[in-house]
Protein chains: 2
Amino acid sequence: MATIHDVAELAGVSTSTVSRVLSRSRAVQPESTRKVLAAAEQLGYRYNAVARALRTQKSGTIGMLVPQISNPFFPALVEAVERRLAREGLELFLCDSQRDVAVEARRLRALVERQVDGVIISPYDLTASAPAVTALVGQLPIIQVDRRVDGALTDWVGVDDAAGFAQVVDHLVARGRRRLVFVSSELTNYSARARLDAVNAALRRHGLTAAQGPLLGAFEVEWGLAAAERVELDAVDGIVCGNDAIALGVLRALRKAGVRVPDDVAVTGFDDIPFAGIADPPLTTVRQHGTRWRTSASGCSSNRPDTARAASPSHPPCRSASRRRRPDRRLSDTGGQRIEE
Amino acid sequence: MATIHDVAELAGVSTSTVSRVLSRSRAVQPESTRKVLAAAEQLGYRYNAVARALRTQKSGTIGMLVPQISNPFFPALVEAVERRLAREGLELFLCDSQRDVAVEARRLRALVERQVDGVIISPYDLTASAPAVTALVGQLPIIQVDRRVDGALTDWVGVDDAAGFAQVVDHLVARGRRRLVFVSSELTNYSARARLDAVNAALRRHGLTAAQGPLLGAFEVEWGLAAAERVELDAVDGIVCGNDAIALGVLRALRKAGVRVPDDVAVTGFDDIPFAGIADPPLTTVRQHGTRWRTSASGCSSNRPDTARAASPSHPPCRSASRRRRPDRRLSDTGGQRIEE
DNA sequence: CCCCGGCTGGTAATCGTTTGCCAGCATGTT
DNA sequence: AACATGCTGGCAAACGATTACCAGCCGGGG
């Protein structure tokens with residue numbers, strides 16, 4: 001692999017000149033520029049990002065850690081992040097923590113060792129992931145996305161679960177449903193906790209209580225399939241699911257059991273993942289892919305302000321830090337056709 | 001951030017000793033070892049992978065490029081790869097080419113610049129992706145996975161599309177279906193091309209021809225929804241879909257149109273993605289997540305045998321290079337319950 | 001004519017590791 | 001006693017870029 005030295009030699013100039021031409025860091029005579037570019041071209045020179053990172057102390061890379069890439073919510077998020085970073089000339093270093101706190105901690109360390117300029121993490125566990133996340137605060141820019149841990153003072157970007165599930169509950173109540181049950185994930189992660197709280201708060205607002213204790217498993221189709229069998233069908237007229245995957249599983253199981261949706265029971269999801277579109281009857285869900293944002297809290301994630309921009313390119317570092325994404329209103333009568341309000 | 005020098009100073013030894021202790025590259029006296037470890041611990045030393053990579057000329061990182069991470073087939077693949085690499089102490093640098101050859105080329109260059117030890121790519125376009133892939137051959141270990149380009153002599157790991165779709169067609173024909181149509185993606189990518197060829201070959205073997213020309217769009221639910229409307233229902237009794245996403249879309253559209261599956265028409269998928277489980281009636285599909293492998297061709301991807309191991313850790317470099325994954329037989333009567341043969 | 005400032009391009013230090021080579025020392029062999 | 005051997009630990013040179021600093025040159029102003 002050709003180095004800057006080879007290029008310099010072939011062009012008959014010094015390495016500094018080559019560097020200056022290639023990185024446009026200082027003006028160089030047109031003649032030298034020409035020679036350098038020709039030599040680089042001829043040698044098929046590719047610059048070495050590792051050497052550059054060592055010298056400049058920035059890698060041009062952002063690390064991202066998600067709990068499970070096969071949960072369809074995350075690929076959508078990753079795609080958006082990657083596209084945005086690409087515009088800033090940053091690469092994304094994506095890792096999967098495999099829903100395992102130990103793996104998560106290891107991956108996080110690997111990212112730091114690789115000198116990423118910032119970390120975007122959706123921590124797996126509300127409490128068990130906290131030490132690893134907290135340890136990074138002050139070391140480098142770090143933000144949490146979608147999920148977050150208890151106690152770590154970092155920026156956070158996520159959907160407003162409270163507003164989203166309030167919408168869901170209001171929607172069901174407005175259509176006469178009074179006996180609801182919540183099917184979601186174990187409360188070890190932030191989303192599960194926040195969504196349960198949101199549902200309970202919304203019920204309370206309507207003077208209701210859940211028809212049955214929450215059924216808690218995992219944010220997966222399989223759990224939806226299993227949970228449906230535990231729903232007390234004579235006591236319930238609405239099943240609020242923690243996300244779309246669960247809802248799709250529930251729908252499938254209900255249909256198999258001959259339960260009519262939404263006549264006997266209504267089912268709602270959350271996220272509006274692509275596969276939500278194949279549900280039959282159509283799934284009532286709340287879209288998370290909106291573009292409007294709301295600032296709702298603040299904090300500071302970094303003591304390295306010079307690099308903070310890299311992690312949160314769209315706003316000044318350490319200002320209006322935490323953001324809460326307002327869910328799109330995209331509710332339809334469960335089982336009816338989909339409408340956009 | 002503490003460096004090896006800080007540790008050396010605090011421990012009262014030289015940097016070489018610290019390096020030797022930390023990387024276990026040579027025996028060191030127990031006493032020195034103890035001092036070094038204590039000092040490292042005290043300073044919270046984290047080693048700098050960038051410096052290490054520069055010096056050793058290997059980054060301990062494998063780059064992976066997939067056409068679209070939100071296609072559920074790829075996350076499953078990525079998870080498997082990441083788990084395997086972790087066992088070798090390698091990190092995965094995952095990128096999405098966004099089904100865009102230009103983005104793909106750019107990302108590929110970024111990976112090379114970051115000195116990845118090897119590249120795993122599922123190229124987007126059968127022909128247009130070829131130059132970028134070919135340019136890397138001989139530069140560093142590179143393998144193609146799932147999809148591949150025309151002409152590049154690299155290792156390749158993928159499902160045996162011919163065998164898989166032969167199974168599908170045989171299955172349908174054995175159940176009396178004679179008038180089949182193929183719904184798949186545009187032929188710009190390898191999978192689409194290979195699967196169309198496979199279906200046609202299988203039909204020919206049975207002395208049949210397709211009931212209708214293939215409907216080609218994208219490997220997505222939306223295309224399945226749209227394509228279903230173009231199926232000539234009176235001329236067709238079986239719809240062979242290029243993957244599960246399409247099949248799920250087709251099923252959804254047929255149900256909406258009141259077509260009975262499988263009575264009026266049978267539908268098959270391919271991949272057995274998690275969401276295939278929610279199809280109603282159950283989707284007939286072929287599982288790609290098997291663990292058995294078959295070697296079927298060979299080639300050599302690298303002129304750097306010392307690092308080739310990194311890219312294909314499970315077998316000696318440049319031997320029995322291309323592998324073809326044998327699809328699991330997991331066929332059931334379309335609409336009937338799922339069986340495993 | 002001298003000096004000053006701007007513009008170019010080169011020299012060399014630096015980023016944080018790894019590692020070849022060598023020196024010192026203890027031990028074992030003849 | 002002389003010498004070979006093995007084990008430790010340190011010195012310093014890389015790896016491939018960036019960049020502070022300097023030197024030379026040229027032109028303009030005093």
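Protein chains get the first letters and strands the later ones, always in sequence-line order, with residue 1 at the start of each.
Within 3.5 Å, no donor on the side chain of A/Arg52 pairs with an acceptor on the base of D/dG16, nor the reverse. One donor-acceptor pair, N or O on each side, does fall under 3.5 Å between the base of D/dT18 and the side chain of A/Arg55. For B/Arg114 against D/dG16, no side-chain N or O and base N or O form a donor-acceptor pair under 3.5 Å. The base of C/dG20 has none of its N or O atoms less than 3.5 Å from a complementary donor or acceptor on the side chain of B/Arg26. One N or O donor and one acceptor, one from the side chain of B/Ser16 and one from the base of D/dC11, sit under 3.5 Å apart.
Residues B/Gln139 and A/Met1 are in side-chain contact: their nearest non-hydrogen atoms beyond the backbone lie under 4.5 Å apart.
Within 4.0 Å of B/Ala53, counting heavy atoms only, lies no atom of the nucleic acid at all. As judged by a 4.0 angstrom heavy-atom cut-off over every strand, A/Ser19 is placed among the base-contacting residues.
B/Arg24 places its CZ atom 16 Å from the C1' atom of C/dT18, with the value rounded to the nearest Å. Atoms NZ (B/Lys58) and C1' (D/dG16) sit 17 Å apart, rounded to a whole Å. In this structure, CZ of A/Arg20 is placed 10 Å from P of D/dA20, rounded to the nearest angstrom. Rounding to whole angstrom units, CD of residue A/Glu9 and C1' of C/dG10 are separated by 15 Å. As rounded to whole Å, 13 Å separates atom P of C/dT18 from atom CD of B/Gln57. Atom CG of B/Leu22 is separated from atom C1' of C/dT19 by 15 Å (rounded to the nearest Å). A/Gln29 places its CD atom 11 Å from the P atom of C/dG10, with the value rounded to the nearest Å. Between A/His5 atom NE2 and C/dT11 atom P there is a gap of 11 Å when expressed in whole angstrom units.
Residue A/Ile4 has its side chain nearest to D/dA17 when only C/dT18, D/dA20, D/dA17 are considered. For A/Ala51, taking side-chain heavy atoms from C-beta onward, the closest of the listed nucleotides C/dC15, D/dA17, C/dT18 is D/dA17. Distances were taken from every side-chain heavy atom of A/Ser14 (C-beta onward) to each of C/dT11, D/dG9, D/dT8; the shortest belongs to C/dT11.
Salt-bridge check for A/Arg83 with A/Glu88: failed, with every basic side-chain N at 4.0 Å or more from each acidic carboxylate O. Salt bridge present: B/Arg34 and B/Glu31 bring a charged side-chain N and a carboxylate O closer than 4.0 Å.
Contact between the side-chain N/O atoms of B/Thr15 and the OP1/OP2 oxygens of C/dT17 is not found at any separation under 4.0 Å.
Looking at B/Asp150, B/Thr188, B/Asn189 one by one, the single match for side chain to side chain contact (heavy atoms under 4.5 Å, CB included) with B/Leu126 turns out to be B/Asp150.
In terms of position along DNA chain C, the nucleotide closest to B/Val50 lies nearer the 5' end than the nucleotide closest to the other residue of the pair B/Val50 and B/Ser25. For B/Ser32 and B/Leu54, each mapped to the nucleotide of DNA chain D holding its nearest heavy atom, the one lying further toward the 5' end belongs to B/Ser32.
Interatomic distance, A/Leu65 CG to A/Tyr124 OH, rounded to the nearest 0.5 Å: 13.0 Å.
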message = Let's go through A/Glu82 and B/Arg107 carefully: what are the C-alpha distance in whole Å and the side-chain angles of both, what is the deciding distance for salt bridge (charged side-chain N to carboxylate O under 4.0 Å, His left out) to 0.1 Å, and is it a yes or a no?
response = CA-CA 11 Å; A/Glu82 187 165 43; B/Arg107 294 264 198 277; 3.3 Å; yes
